[in-house]
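Here the structure is laid out as structure tokens; the discussion comes afterwards.
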Amino acid sequence: MPELPEVETVARRLNDTAAGAALEKIIVLDKKLSIPDRKNLRGAVLRRVVRAGKTVVLELSGPESQRLLQIHLRMSGRLFWIDKAENTIHTFDGYVSNVKGVGRKHCRVRFLFDSGTLLFVDPRRFGTVKLVRSAQELDIPGLDPTGSDFTLAVFRKLLGESAQKIKVWLLRQDRITGLGNIYASEILFDSGIDPERTVGSLNSAEIKRLHSSIRKILRNAIKHCGTTFSDFQSSEGSLGEYQNYLKVYGRAGEKCADCDAKILRVVQAQRSTFYCPQCQA
DNA sequence: CTTTCAGCCTGGGCGC
DNA sequence: TGCGCCCAGGCTGAAA
């Protein structure tokens, strides 16, 4: 569950749930992952959890050192919190339950805290974990589109005259960090721009609409706690509801929300793109 | 520099 | 039930 709004949701919820907990032990279960000198973190306090780009960052302060633990969920990574006192499992993406056995399969790292256990579960094993000493060392390749420095002028400069297709460009994390396949399609629909257009062909008005759509769609998705594709229903009804607002993503063959045309699916850079050929002409 | 494409992994869904 | 495909919210590195 990994684009900016989903990661933002997870980071906020985990922060609310686990901030202040003291770390006792880190157990790495996947040989692909390693956390060098993690023993030095014993006793470190989880100050807060924030989002950086598409990653979740745990800010830990120990008796001797400060460390930032950066978790990238990639395609299938999820975080679970097993609360000691409540004996419940929090998933941060739509439900709370006491289901037994969650995370037994595909659990890659267990972070044992005094008040509970954080599980990093990742079936496809694309996710990464990185321990760094300062915010400067965090892996944040490009600009955060929700920040105040993501202005229209900065966006114009960033776009330049690239010959790349705009949809493909929006996925470039070294330019804007946080957009993924769902929101790139949704943003282009919102701004009425054909995903096949090249960056250099966009006129001033289109760039302005695009900038505004990026801000608007992300704000709205964060407000609805992101998009959740899950088998289980939310027991709270308040988290991960943006799937109900998607206008084109995953809707190939369906009628467009704004006209009579049918939503198309095309493949660009080996990723599906969904769009309305009439609204995005 | 660009674009394409296999690869990293596992699992779910669908047609036969 | 089973097999073979295709698909999946991400990204890298090699090749062309």
Between CD of A:Gln173 and P of C:dG10 the distance, given in whole Å, is 8 Å
| message | Side-chain N or O of A:Arg125 versus OP1/OP2 of B:dT10: is the shortest distance under 4.0 Å? | response | yes
Do A:Lys247 and A:Asp190 sit within salt-bridge range, that is, some charged N less than 4.0 Å from a carboxylate O?
no
Separation of B:dC8 atom P from A:Lys31 atom NZ, nearest Å, is 17 Å
At less than 4.0 Å, is any side-chain N or O atom of A:Arg271 found next to OP1 or OP2 of C:dG9? Yes or no. yes
- Rounded P spacing from B:dC5 to C:dC6 in Å: 15 Å
Using distance alone, with no hydrogens and no angle criterion, decide if A:Thr9 and A:Arg51 have a side-chain donor and acceptor under 3.5 Å apart.
-> no
Next on the checklist: Please check: side-chain N/O of A:Arg271 versus main-chain N/O of A:Gly180, any donor-acceptor pairing under 3.5 Å?
Outcome noted: no
(message) Between C:dC11 and B:dG11, how many Å separate the two P atoms, rounded to a whole number?
(response) 22 Å
Distance, P atom - from B:dC9 to C:dG2, rounded to whole angstrom: 27 Å
From NZ of A:Lys32 across to C1' of B:dT10 the rounded distance in Å is 11 Å
Rounded to whole Å, the CG-C1' distance (A:Asp174 to C:dT12) equals 12 Å
ask   = Can you find a donor-acceptor pair, distance only, under 3.5 Å between A:Arg124 side chain and B:dC9 base?
value = yes
In whole angstroms, the gap separating P of B:dT4 from CD of A:Gln268 amounts to 10 Å
With a 6.0 Å cut-off on the ring centroids, do A:Tyr249 and A:Tyr242 count as close?
no
Within the structure, does a side-chain N or O atom of A:Lys105 lie under 4.0 Å from either OP1 or OP2 of B:dT10? no
Next on the checklist: Strictly below 4.0 Å: does A:Gln270 bring a side-chain N or O up to OP1 or OP2 of B:dT4?
Outcome noted: no
Polar contact flag, side-chain donor to acceptor under 3.5 angstrom, A:Glu137-A:Ser134: yes
Mate of B:dG7 across any strand shown (Watson-Crick or G-U wobble, both atom pairs under 3.5 Å) is C:dC11
* Asked: OP1, OP2 of C:dG9 versus side-chain N and O of A:Lys54: anything below 4.0 Å?
  -> no
Classify the nucleic acid contact of A:Arg265 as base, sugar-phosphate or nothing, counting any heavy atom under 4.0 Å across all strands shown. sugar-phosphate
A:Asn181 atom CG is separated from C:dG9 atom P, nearest whole Å, by 5 Å
query = If only side-chain N and O atoms of A:His72 are considered, is one of them under 4.0 Å from the OP1 or OP2 phosphate oxygen of C:dC11?
reply = yes
A:Phe126-B:dC8 aromatic stacking (under 5.5 Å, under 30°): yes
Taking the ring centre of each residue, are A:Phe150 and A:Phe155 less than 6.0 Å apart? yes
Reckon A:Tyr249 touches a base, only the sugar-phosphate, or nothing at all at heavy-atom distances under 4.0 Å? sugar-phosphate
From CG of A:Leu4 across to P of C:dG10 the rounded distance in Å is 12 Å
Of C:dG9, C:dG10, B:dT3, the nucleotide closest to the side chain of A:Phe229 is C:dG9
Rounded to whole Å, the CZ-P distance (A:Arg108 to B:dT10) equals 7 Å
Examine distances only and state if a side-chain atom of A:Gln243 and a backbone atom of A:Thr228 form a donor-acceptor pair shorter than 3.5 Å.
yes
Taking the same atom, C1', in B:dT4 and in C:dG9, what whole-Å distance lies between them?
-> 22 Å
Next on the checklist: What's A:Ala269 touching, base or sugar-phosphate or nothing? Going by heavy atoms closer than 4.0 Å.
Outcome noted: nothing
OP1 or OP2 of B:dT3 versus the side-chain N and O atoms of A:Gln164: is any pair under 4.0 Å? yes
### Query
Hey, is the side chain of A:Ser76 poking within less than 4.0 Å of OP1 or OP2 on C:dA8, counting only N and O atoms?
no
Using a cut-off of less than 4.0 Å, is there contact between a side-chain N or O of A:His106 and OP1 or OP2 of B:dG11?
yes
